[in-house]
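Take a look at the structure set out below.
Numbering of residues begins at 1 and proceeds along the displayed sequence.
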Amino acid sequence: MATQRPSSSTNSEDTRKRKRDNSSCSEEDEKIISSSSPSSSTPRSKYDVFLNFYGEDTRRSFTDHLYFDLKRKGILVFRDDESLERGKSISPELMQAIQESQYAIVIFSANYASSKWCLQELAEIVEWEEKKNLRIIPIFYRVNPSDVRNQTGNFAEAFAAHEEDLKLDIKEIDTWRNACRKVGNISGEHINGDRYESTIIQQISGIIFYNYTMLNILIHDNQKIVGINSHVEEMTNLLHMESNDVRFLGIHGMGGVGKTTLAEIIYYRFSCRFEGSSFISCTGEKSTAAPNLASLQKQLLSMIMQQEIHIWDHRDGIMLMRNRLRNKKVLIILDDVNCEKLLPALAGDPKWFGLGSRVIITCRDSHLLKRNKVNGMCEVQLLQTADALQLFSLSAFDKTNPPENYKDLSMDFVSYAGGLPLALKVLGRFLFGRTIDLWKSARDNLEAIPKTEIFDILKLSFDGLEESQKKLFLDLACFFDTVMSLAGIHTAGYSVSSLLSINFKYFMEIYLAIDFEVLVDKSLLSKQEYSGVRYFMHDLLEKMGQEIVSLECPKEAGRRSRLFREEDVLDVLKNDTGTNAIESIFLDSCWSTKERLNAKAFSKMRNLRLLHFGCFESITWDGNPLKYIPSDKLRFLSWFQCPSKSWPSSFQPKNLNVLSMRASGFKQLWKGLMVLDNLKYLNLSGSQELIETPDLSGALNLEEIDFSDCESLCKVHPSIGFLKRLKDLSLNGCSRLGNFPNIQGDMISLKSLRLPSSEVSIFPSVICSLSSLECLCLDDRPSLEKFPDLSRLKSLKEFRAYGTAITQIPSTNLLPKSIRCFELVGEKRMPRESRDSDMFINDCSLPKQSSYPTNRDIGSPVEYETEWMHIRCDDDVSLSISLSSSI
């Protein structure tokens with residue numbers, strides 16, 4: 001989100017009514033706004049407001065109060081001095097002041113029309129209203145607006161006197177009459193004693209402040225407004241201005257997303273509805289120190305009370321705020337709150353403030369808002385592509401759309417920014433006025449673009465983290481794409497991962513779960529819970545984290561905490577330049593020319609926690625890497641096609657959580673007992689040389705084991721039967737293993753089992769003792785002719801069998817009632833007498849999905865309550881049944 005110019009019109013009466021109900025001012029005020037809101041194309045004028053009034057009626061009362069209230073809000077006001085010499089016509093000074101003003105406030109009073117000076121000014125105002133769209137706000141001070149329009153009452157008497165004055169030209173008098181008639185028809189404020197004048201003055205100054213001053217701040221200072229309307233509407237609803245209670249509200253989101261801009265718009269739009277208001281910027285660490293708390297309290301109170309308040313100690317400030325504000329309706333914005341200490345000192349309790357007060361807190365930490373029990377929160381989202389392109393174009397071209405020959409280039413930069421308004425503005429300003437060749441150069445080397453301004457803002461969230469959270473963030477920033485790619489996707493501006501990824505699931509267990517939540521709360525990660533949990537990290541946050549690591553030692557990669565770039569990893573391992581600083585190495589693939597790396601280079605990395613190597617086909621090693629890798633602190637080891645042929649006895653990674661050695665060259669892992677109390681995940685799939693599984697009695701916390709496609713595997717160590725926490729075991733593709741081992745022990749947690757291919761015709765009975773089993777897969781069983789009795793597996797939901805010799809559809813009695821998915825694929829043709837005649841008419845004509853029940857052994861849909869069933873007995877015969885479990 002950045003900001004967007006609010007719409008001045010709506011399409012329906014209902015919408016207009018709703019906007020009036022939720023707006024900052026009354027319906028009468030909105031008429032003034034609609035007739036006087038400025039054009040963004042109007043250049044800055046010398047004065048914001050020109051005051052036109054009759055001095056003897058209002059100079060020392062209403063006009064004086066209005067003048068000082070406008071000045072207090074920083075509005076530039078021209079008010080003629082009573083010492084100015086008054087001649088027959090208005091002076092050039094006054095005429096120039098009218099021409100150089102954005103607003104003219106005309107205060108009609110009882111004796112206004114008696115002043116030729118006032119009427120001359122009015123005629124000039126009307127003329128310039130037509131020439132340069134000067135906005136006019138009329139105030140009828142104790143006079144009837146109809147007297148002004150129709151020149152009746154006091155105005156009739158005054159004009160009659162003017163017409164008797166032979167020195168006046170009748171045409172000039174007619175000009176005055178027309179000016180009174182025109183301005184008298186403009187909706188304005190009628191002051192007749194039924195309301196407090198101070199309230200009316202605040203409303204008028206508030207209208208001008210919002211409709212002119214605020215837009216000047218946001219437009220003329222290049223704070224382009226795009227994509228904010230929905231957030232303004234959400235905040236308007238949360239403010240619930242009709243309610244007389246005290247409400248605390250929060251605005252949160254990642255750094256640079258537009259929280260402050262949204263807060264400013266809400267402040268300028270609604271401040272005129274309160275008796276006092278204050279916008280406090282809490283940016284910076286120093287604001288948490290006691291002297292600075294007192295300074296912020298002084299600023300807040302002085303703005304609300306409109307007088308200088310002295311506070312020397314923040315404890316005294318709390319007492320003073322309680323006493324001064326408890327009966328006052330106030331609007332307070334606390335912007336960029338980054339510390340818990342700020343809120344107790346600045347807005348510790350709703351009881352501090354008068355009825356109808358509103359306190360809005362902006363911060364990056366949503367949990368801080370929850371802890372302080374705000375009444376509602378608005379999360380500022382990143383911009384969609386269309387809005388992002390518009391904001392970028394406004395910054396780069398001062399236009400809402402880029403020129404035709406810059407469109408594709410602009411989209412490249414918009415994609416890089418990932419919808420972050422701060423980045424869009426910084427990039428746009430950097431490219432403003434540059435040639436298309438320079439744009440292309442910048443696009444081709446985005447890393448060379450000055451990004452300090454972006455990263456400094458984003459880094460504030462990182463700086464506020466605890467050490468363990470910083471470590472997690474940097475690991476994710478450097479290795480996110482690698483770890484997440486196992487089951488992730490990529491969307492514009494985000495790296496994405498799903499916890500369905502096994503490696504990432506256990507990668508998470510290396511860290512405290514609460515640290516992930518803290519990163520989410522502080523907008524450094526995004527979390528989405530839909531079909532599992534997905535985490536998102538914005539590309540620019542990822543780049544910022546990588547930049548932090550690079551700056552640890554810009555010239556020597558071996559002195560950085562994390563290695564993730566191919567050239568850095570190869571340089572350190574080839575030239576033996578590693579140090580104690582290195583904690584993690586992640587390299588998913590290496591496509592360089594053939595390199596020979598020094599295994600001894602690992603020996604200096606005594607703080608190594610994480611090691612991941614992907615496809616390294618062009619790499620050879622001088623020595624066995626496992627012999628030199630320090631193992632004491634290693635938590636995550638993933639190495640595809642690990643070159644080691646043997647497991648060194650010196651390699652004792654006692655703290656290891658994840659061991660993944662897919663397609664390795666091991667014949668055997670460790671010999672004897674290896675104590676690995678923290679190991680949760682073991683994967684040696686595709687290791688063609690592996691002959692037997694290791695003794696796992698020292699790894700009793702294992703949850704997932706994958707030995708699939710280990711074609712030489714012929715022995716499973718009996719310790720596997722005593723892994724009471726094992727949930728997933730894969731032995732499919734292990735052709736030499738034969739049948740499932742006759743396990744002793746109790747695998748009480750096993751939920752998923754994939755069995756190896758086998759020529760054995762007997763189904764292993766030990767499987768029926770696995771009471772928690774939910775998914776069972778049989779792979780390539782050409783001798784299995786009889787469907788096994790699975791009725792004892794009361795938890796079984798999914799059964800799949802491939803390459804069997806089964807020719808009979810199984811009886812209902814052989815399957816548990818819990819079954820939800822059933823797939824049976826055979827190699828032999830099913831005899832026609834065993835098929836359902838209604839379902840198999842021509843063998844090949846059967847539809848893939850059918851809700852028809854069968855008439856033979858397979859039973860009825862009600863009996864099975866299955867969601868999906870597929871039976872294929874040869875290439876020509878296939879039965880698929882989709883049944884609803886709600887039947």
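- Formation of a donor-acceptor pair under 3.5 Å by the Ser357 side chain with backbone atoms of Val330 is found in this model.
- The backbone N or O of Arg195 lies less than 3.5 Å from no partner atom in the side chain of Thr199, so there is not a single donor-acceptor pair.
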Exercise. Can you list the steps and then say if Cys282 with Leu346 is a side chain to side chain contact (heavy atoms under 4.5 Å, CB included)?
Worked result: CA-CA 10 Å; Cys282 304; Leu346 299 175; 4.2 Å; yes
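- Tyr141 and Glu197 share a donor-acceptor pair across their side chains, judged by distance under 3.5 Å alone.
- Taking Gln384 as the reference, nothing meets the side chain to side chain donor-acceptor pair (under 3.5 Å) condition, with sequence neighbours excluded.
- No side-chain donor-acceptor contact under 3.5 Å links His190 to the backbone of Arg142.
- The shortest heavy-atom contact between Ile304 and Ser278 is CG1-CB, 3.8 Å.
- Side-chain contact between Gln297 and Leu300 is absent, with no heavy-atom pair separated by less than 4.5 Å.
- Within a 6.0 Å sphere centred on NZ of Lys167, other residues, nucleotides and ligands contribute 12 heavy atoms or fewer.
- Taking a cutoff of 4.0 Å between a charged side-chain nitrogen and a carboxylate oxygen, Glu172 and Lys116 do not qualify as a salt bridge.
- Contact detail for Val246 and Arg358: the closest heavy-atom pair is CA-NH1, 4.2 Å.
- Glu127 has no carboxylate O lying under 4.0 Å from a charged side-chain N of Lys132, or vice versa, which leaves the two without a salt bridge.
- Under the 3.5 Å distance criterion, with hydrogens and angles disregarded, no donor-acceptor pair is assigned to the side chains of Thr362 and Asp336.
- The minimum heavy-atom distance linking Gly256 with Ile457 is given by the pair N-CG2, 3.7 Å.
- Checked by atom type and distance alone, the side chain of Ser302 pairs as donor or acceptor with a backbone atom of Ile309 at under 3.5 Å.
- Taking the side chain as every heavy atom from C-beta outward, Ser114 and Tyr54 approach each other to under 4.5 Å.
- If you check the side chains of Glu100 and Gln96, you find a donor sitting under 3.5 Å from an acceptor.
- In this structure Tyr112 satisfies the ring pair (Phe, Tyr, Trp, His ring centres under 6.0 Å) test together with Phe108, sequence neighbours excluded.
- Counting only distance, with no hydrogens or angles, the side chain of Ser115 and the backbone of Cys118 share a donor-acceptor pair below 3.5 Å.
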For this session: Please report the C-alpha distance between Lys182 and Glu129 in whole Å, then the side-chain angles of each, then the deciding distance to 0.1 Å, and finally whether the salt bridge (charged side-chain N to carboxylate O under 4.0 Å, His left out) criterion is met.
Result: CA-CA 11 Å; Lys182 180 168 184 175; Glu129 187 266 346; 3.2 Å; yes
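- To the nearest 0.5 angstrom, Thr236 atom OG1 is 4.5 Å from Ile266 atom CD1.
- Within the model, atoms CD of Gln120 and OG1 of Thr175 stand 11.0 Å from one another, a figure rounded to the nearest 0.5 Å.
- The NZ atom of Lys399 sits 11.5 Å away from atom CG of Leu394, with the distance rounded to the nearest 0.5 Å.
- Cation-pi geometry between Arg434 and Phe430 is satisfied (NZ or CZ under 6.0 Å from the ring centre, within 45° of the ring normal).
- Contact annotation: the side chain of Phe78 never approaches that of Asp48 to less than 4.5 Å [non-hydrogen atoms, C-beta and beyond].
- The main-chain N or O of Lys329 is found under 3.5 Å from a side-chain atom of Glu275 such that the two form a donor-acceptor pair.
- Between the Asp335 side chain and the Ser281 main chain, no donor and acceptor come within less than 3.5 Å of each other.
- No side-chain heavy atom of Glu189 sits under 4.5 Å from any side-chain heavy atom of Phe140.
- The shortest side-chain heavy-atom distance between Phe50 and Leu94 falls under the 4.5 Å cut-off.
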Exercise. Can you check side chain to side chain contact (heavy atoms under 4.5 Å, CB included) on Phe432 and Phe397, steps first, answer last?
Worked result: CA-CA 6 Å; Phe432 184 88; Phe397 305 105; 5.8 Å; no
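- Atom CG of residue Leu262 and atom CD1 of residue Ile228 lie 4.5 Å apart, to the nearest 0.5 angstrom.
- Between Cys378 atom SG and Ile251 atom CD1 the span is 6.0 Å, to the nearest 0.5 Å.
- Asn144 and Ser146 form a side-chain donor-acceptor contact under 3.5 Å, judged by distance and modelled atom types alone.
- Using a 4.5 Å heavy-atom cutoff, the side chains of Trp176 and Phe159 are in contact.
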For this session: Carefully, step by step, assess Arg247 and Asp245 under the rule salt bridge (charged side-chain N to carboxylate O under 4.0 Å, His left out).
Result: CA-CA 6 Å; Arg247 296 178 70 84; Asp245 60 350; 3.6 Å; yes
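- Side-chain contact, Tyr267 with Ser277: a donor N or O sits under 3.5 Å from an acceptor N or O.
- A search for ring pair (Phe, Tyr, Trp, His ring centres under 6.0 Å) contacts involving Tyr67 returns nothing, not counting sequence neighbours.
- Ile139 places a side-chain heavy atom less than 4.5 Å from the side chain of Ile204.
- Counting only heavy atoms from C-beta outward, the side chains of Asn52 and Ile107 never approach each other to under 4.5 Å.
- Although no hydrogens or angles enter the test, the distance criterion places a donor-acceptor pair under 3.5 Å between the side chain of Asn185 and the main chain of Arg181.
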For this session: Would you check, one step at a time, whether the test side chain to side chain contact (heavy atoms under 4.5 Å, CB included) holds for Lys298 with Glu308?
Result: CA-CA 8 Å; Lys298 174 184 177 180; Glu308 187 172 4; 3.4 Å; yes
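- For the atom pair NE2 (His162) and CD (Glu157), the distance works out to 11.5 Å, reported to the nearest 0.5 Å.
- In Glu163, the CD atom is crowded: over 12 heavy atoms of neighbouring residues, nucleotides or ligands sit closer than 6.0 Å.
- Judged by distance alone, with hydrogens and angles left aside, the side-chain atoms of Asp147 form no donor-acceptor pair with the main-chain N or O of Phe155 at under 3.5 Å.
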For this session: Would you check, one step at a time, whether the test side chain to side chain contact (heavy atoms under 4.5 Å, CB included) holds for Leu122 with Val183?
Result: CA-CA 9 Å; Leu122 182 65; Val183 178; 3.8 Å; yes
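- Using a distance-only test at 3.5 Å, with no hydrogens or angles considered, a donor-acceptor pair links the side chain of Gln151 to the main chain of Arg149.
- For the pair Ile333 and Ala263, the tightest heavy-atom approach, listed with the atom from each and the gap, is CG2-CB, 3.9 Å.
- When all heavy atoms of Asp69 and Ser205 are compared, the pair lying nearest together is OD2-OG, 2.5 Å.
- Between Asp387 and Gly227, the shortest heavy-atom contact is OD2-CA, 3.8 Å.
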